[in-house]
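A short write-up of the structure that comes next.
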Amino acid sequence: MKIATWNVNSLKVRQQHVIDWLELSHVDVLCLQELKLPDEKFPHAEFSVKGYRSWCAGQKTYNGVAILVRDGLEVDEVDIVRNIPGFEDLQQRLIAATVNGTRIASAYFPNGQAPGTEKFAYKLRWLDAITQWAADELVRYPSFALAGDYNIAPEDRDVHDPQAWLGQNLVSPEERAAFARLVSLGLVDSFRSFEQPEKTFTWWDYRMLAFRRNAGLRIDHILLSSALAATCTHCEVDKTPRKWDQPSDHAPVIVYLG
DNA sequence: ATGGCTTGCACCGCAAGA
């Protein structure tokens with residue numbers, strides 16, 4: 001099974017990119033973030049004709065997440081979860097589904113704006129909440145994957161210029177500590193389980209020719225439970241759609257399981 | 001130099017992203 005995560009920065013604008021990339025990658029499950037559209041505008045039918053069922057948690061203008069599952073895979077409709085249970089949140093940032101017995105979450109972690117701001121405090125609260133939720137899910141589902149835009153670069157090697165970014169949002173010690181707490185539940189950063197090219201990133205600013213200069217950050221991740229990590233044969237970032245016309249600023253991350 | 005692009009909203013310049 002191949003699982004991927006991709007922040008598309010508006011599904012309305014990137015719908016054709018998603019369809020083209022599904023045909024290119026043939027992933028079994030695709031987790032999407034930053035749909036920026038309400039549920040009634042989600043293109044279920046367009047994905048259906050391409051062989052994918054879809055579940056979304058959308059909202060107007062901002063946020064919004066979805067999971068696409070290839071026809072033939074078994075999805076338990078009863079345990080689809082939207083939002084972090086017990087965490088009051090007006091922003092649509094989490095959807096989880098069970099696919100062939102594997103629990104898969106598509107998560108859009110808050111950006112945080114800057115350390116010290118109210119948005120940063122919200123990011124830390126949200127990180128605490130998803131950590132508690134992930135702990136519960138790990139008890140229920142030995143095979144668990146938490147995929148999404150984490151908006152955290154876990155280490156300096158995930159940053160093109162660590163000196164310039166020192167202490168800033170996305171790399172601050174508080175965010176990295178929260179990421180480490182999540183990992184310490186027993187999750188594995190699948191990307192680092194394998195040898196990877198130096199300076200592999202998943203996001204590049206639209207400005208300053210950042211993609212051409214590879215001035216990026218690795219902030220999109222797929223964390224795996226230890227049982228699932230044991231079946232994982234590879235993890236890679238696919239920069240292909242970042243080179244297309246009018247691209248998302250993020251590139252998809254793929255894990256190969258079983 | 002706190003900008004630089006891109007998006008959505010809504011009526012065009014602003015908020016937000018990362």
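Naming: A, B, ... by sequence-line order, numbering from 1 per chain.
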Integer angstrom distance from the C1' of B:dA1 to that of B:dG13: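 Each nucleotide's C1' atom is 22 Å from the other's.
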C1' gap between B:dA16 and B:dG4, integer Å: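 Their C1' atoms lie roughly 15 Å apart.
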Determine: side-chain N/O of [X] to OP1/OP2 of [N], distance under 4.0 Å, yes or no.
X	N	result
A:Lys36	B:dA16	no
A:Thr61	B:dT7	no
A:Lys119	B:dA16	yes

Figure out the [atom1]/[atom2] separation between [X] and [N], and round it to whole Å.
X	N	atom1	atom2	value
A:Asp245	B:dT6	CG	P	11 Å
A:Gln33	B:dG17	CD	P	15 Å
A:Leu11	B:dG8	CG	P	10 Å
A:Phe120	B:dG17	CZ	P	14 Å
A:Trp165	B:dT2	CH2	P	17 Å
A:Gln113	B:dT2	CD	C1'	12 Å
A:Leu35	B:dT6	CG	P	21 Å
A:Trp126	B:dG17	CH2	P	14 Å

Any residue meeting side chain to side chain contact (heavy atoms under 4.5 Å, CB included) with A:Thr98, in chain and number order, not counting sequence neighbours: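 Once residues adjacent in sequence are excluded, the partners of A:Thr98 under the side chain to side chain contact (heavy atoms under 4.5 Å, CB included) criterion are A:Asp76, A:Asp79, A:Arg103, A:Tyr141.
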Residues which pass salt bridge (Lys or Arg N to Asp or Glu O under 4.0 Å) with A:Arg125, listed by chain and number, not counting sequence neighbours: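 If we apply the salt bridge (Lys or Arg N to Asp or Glu O under 4.0 Å) test to A:Arg125, skipping adjacent residues, the hits are A:Glu118.
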Can you tell which of [options] lies closest to the side chain of [X]?
X	options	answer
A:Arg14	B:dA16, B:dG8, B:dT7	B:dT7
A:Tyr108	B:dG17, B:dA16, B:dG8	B:dG17
A:Arg93	B:dC9, B:dG17, B:dG8	B:dG17

Can you confirm whether the side chains of [X] and [Y] place a donor and an acceptor under 3.5 Å from each other?
X	Y	result
A:Thr202	A:His250	no
A:Asp20	A:Gln16	yes
A:Trp204	A:His160	no

Residue whose nearest DNA chain B nucleotide is more 5′ - A:Asn7 or A:Lys60: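 Result: A:Lys60.
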A:Pro247 or A:Pro110, whichever maps to the more 5' nucleotide of DNA chain B: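 In this pair, the answer is A:Pro247.
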Within residues 198-216 of chain A, residues whose heavy atoms come under 4.0 Å of DNA chain B: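 Going residue by residue through residues 198-216 of chain A, the ones with a heavy atom under 4.0 Å of DNA chain B turn out to be A:Trp203, A:Tyr206, A:Arg207, A:Met208.
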ring-ring contact (aromatic ring centres under 6.0 Å, His included) involving A:Tyr206 - partner list, sequence neighbours excluded: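 A:Tyr206: no ring-ring contact (aromatic ring centres under 6.0 Å, His included) contacts found.
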Sugar-phosphate, base or nothing in reach of A:Asp220, heavy atoms under 4.0 Å: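 Nothing: the residue A:Asp220, judged by heavy atoms under 4.0 Å, touches no strand.
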Touch class at under 4.0 angstrom, heavy-atom based, for A:Gln168 against every strand present: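 Nothing, no heavy atom under 4.0 Å.
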Pairs satisfying ring pair (Phe, Tyr, Trp, His ring centres under 6.0 Å), at least one member in residues 48-86 of chain A, at least two apart: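 Matches after skipping sequence neighbours: none remain.
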Please tabulate, for the side chains in residues 251-258 of chain A, all donor-acceptor contacts under 3.5 angstrom to protein atoms that are two or more places apart in sequence or on a different chain.
unit_1, atom_1, unit_2, atom_2, d
A:Tyr256, OH, A:Glu236, OE2, 2.7

